[in-house]
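To keep things clear, I will list the structure first and then write my remarks on it.
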Protein chains: 2
Amino acid sequence: MAEYFVGQLANEAGINVETVRYYENIKLLPKPKRRKSRYRVYDESDLARVKFIVRAKELGFTLKEIKELLELKIDSQAKCGDVKHLTEHKLKDIDNRIKDLRKIRSVLIKLIEQCINEEVSSEECPILESIEF
Amino acid sequence: MAEYFVGQLANEAGINVETVRYYENIKLLPKPKRRKSRYRVYDESDLARVKFIVRAKELGFTLKEIKELLELKIDSQAKCGDVKHLTEHKLKDIDNRIKDLRKIRSVLIKLIEQCINEEVSSEECPILESIEF
DNA sequence: CTTGACTCCGTACTATACTACGGTGCTTAT
DNA sequence: ATAAGCACCGTAGTATAGTACGGAGTCAAG
């Protein structure tokens, strides 16, 4: 099992060391094992977690929401019903996001087709012409 | 054609007045018509624009990216090729977002199924068990 | 024609999410 | 065993995206 110090972890995830420490401070990352030197020691599962955080952030989730997503699990403490409820809520949110991204997507495709046909459109914004949120 | 003052516009879009002024300052909204009193006057197209901004933000776009999306159009100035290129770039980004949201989606669905079967899973995080970004 | 709600503006403050700094202590390749 | 490169920590600073304030002017219902 591969082990990393914080610099390598940060590097593989494409963020910087201070950000890793920050995520630890706000409890988005668990406290890692330490060397006697107090150096933090991570493994692949930590890397996966960091990569998830990075991508989820790009997808528009706040760090708070990401924490909630990562905490979704049925364990001895959590009742199934609660987790199910929470998860269904998250699912609905994600479905709506996908739906609206698809709307934007279809407008972009139309726009690309217009470009191919060398149509010069009006002065209007094509995205707003076709999308109603 | 309906006309709104800034308060009504903000209200319909679910944001507040200061935010509308802020969006105007950073040129995300065009300068509106004014009454003699200097009151801002908006119409439905402004409302559609604000609503788009609000939702696009929720979908994880920065205000800068939203501005770029809203500026995508072929007009007398912009060359088709340039717009096509830019738009294809945005399209690729959106396709990737949808793809990754689907990954999260499928994990949530699995989790809900587990809840229904009253399975108590491990102490591990189910999202990280199944997603690799 | 008053009065309560709305709008004007600039400026200052806030929350979230980092990012930089700086002095000190490890690690590791030579 | 030394030196370049990491890591330690707390604290302070930054960028983005708002949010609040306050005194003056405007709107419109009664």
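Within every chain, numbering begins at 1; the chains are lettered A, B, ... in the order of the sequence lines, protein sequences first and strands thereafter. No experiment lies behind these values; they were computed from the predicted model shown.
- What separates NZ of A:K67 from C1' of C:dT16 is a distance of 13 Å, to the nearest Å.
- Toward the 5′ end of DNA chain D lies the nearest nucleotide of A:R40, the other residue of the pair A:N25 and A:R40 mapping further downstream.
- Checked against a 6.0 Å centroid threshold, the rings of A:Y42 and A:Y4 do not count as neighbours.
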Determine, stepwise, if the pair B:K99 / B:D95 fulfils salt bridge (Lys or Arg N to Asp or Glu O under 4.0 Å). CA-CA 6 Å; B:K99 208 174 83 233; B:D95 281 343; over 6 Å; no

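- In this structure, CZ in A:R97 is found 10.0 Å from CZ in B:R97, a value given to the nearest 0.5 Å.
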Candidate pair A:D100 and A:K103, rule salt bridge (Lys or Arg N to Asp or Glu O under 4.0 Å), full reasoning: CA-CA 5 Å; A:D100 286 345; A:K103 282 194 203 174; 3.7 Å; yes

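- For B:Y22 and D:dT16, the shortest distance from a side-chain N or O to OP1 or OP2 is not below 4.0 Å.
- Remark on DNA chain C: of its neighbouring residues B:R34 and A:L63, the 5'-side contact belongs to B:R34, judged by nearest-heavy-atom nucleotide.
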Annotated protein contacts, base or backbone, on nucleotides 24-30 of chain C with a non-hydrogen cut-off under 4.0 Å, one of B, S, - each: -BBS---

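- Within 4.0 Å of B:R21, counting heavy atoms only, lies at least one base atom of the nucleic acid.
- Residue A:Y4 is classed as having no contact, given no heavy-atom separation below 4.0 Å to the nucleic acid.
- For the contact set between residues 42-58 of chain B and DNA chain D, defined by any heavy atom under 4.0 Å, the members are B:K57.
- The distance between atom CD1 of A:I66 and atom P of C:dT16, rounded to the nearest whole Å, is 14 Å.
- End-to-end axis angle of the helix from C:dC1-D:dG30 to C:dT30-D:dA1, from C1' rotation axes over five pairs per end: 30° (rounded to 10 degrees).
- Between A:K31 atom NZ and D:dC9 atom P the separation is 10 Å, expressed in whole Å.
- Proximity note for B:R38 (side chain, C-beta onward) versus C:dC8, C:dC18, D:dA7: the nearest is C:dC8.
- Atom CD1 in A:I15 sits roughly 16 Å away from atom C1' in C:dA20 (whole-Å rounding).
- Between the C1' atom of D:dA17 and the CG atom of B:L29 lies a distance of 14 Å, rounded to the nearest Å.
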For A:S45 and B:L128: C-alpha separation, side-chain torsions, deciding distance, then whether side chain to side chain contact (heavy atoms under 4.5 Å, CB included) applies. CA-CA 8 Å; A:S45 78; B:L128 294 182; over 6 Å; no

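- Sparse packing is recorded around NZ of A:K84, with 12 or fewer heavy atoms of other residues, nucleotides or ligands lying under 6.0 Å away.
- The distance between atom CD1 of B:I26 and atom P of D:dA15, rounded to the nearest whole Å, is 15 Å.
- For the pair B:T19 and D:dT19, the criterion of a side-chain N or O lying under 4.0 Å from OP1 or OP2 is met.
- Both tests do not hold together for A:R35 against A:F5: distance to the six-membered ring centre under 6.0 Å, angle to the ring axis within 45°.
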How far apart are the C-alpha atoms of A:E88 and A:K92, what are their side-chain angles, what is the distance that settles it, and do they pass the salt bridge (Lys or Arg N to Asp or Glu O under 4.0 Å) test? CA-CA 6 Å; A:E88 279 167 347; A:K92 207 173 287 180; over 6 Å; no

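- Across every non-hydrogen atom of B:A10 and B:V17, the tightest pair is CB-N, 3.8 Å.
- Between the CD atom of B:E18 and the C1' atom of C:dC6 there is a distance of 12 Å, given to the nearest Å.
- Taking every heavy atom of both residues into account, A:I94 and B:L101 meet most closely at CG2-O, 3.7 Å.
- Checked for salt-bridge contact, A:R55 and A:E58 meet the test: a charged N lies under 4.0 Å from a carboxylate O.
- Remark: C1' of C:dA17 and CD of A:E65 are 14 Å apart, rounded to the nearest angstrom.
- Closest non-hydrogen pair, B:R102 versus A:R102, comes out as NH2-NH2, 3.7 Å.
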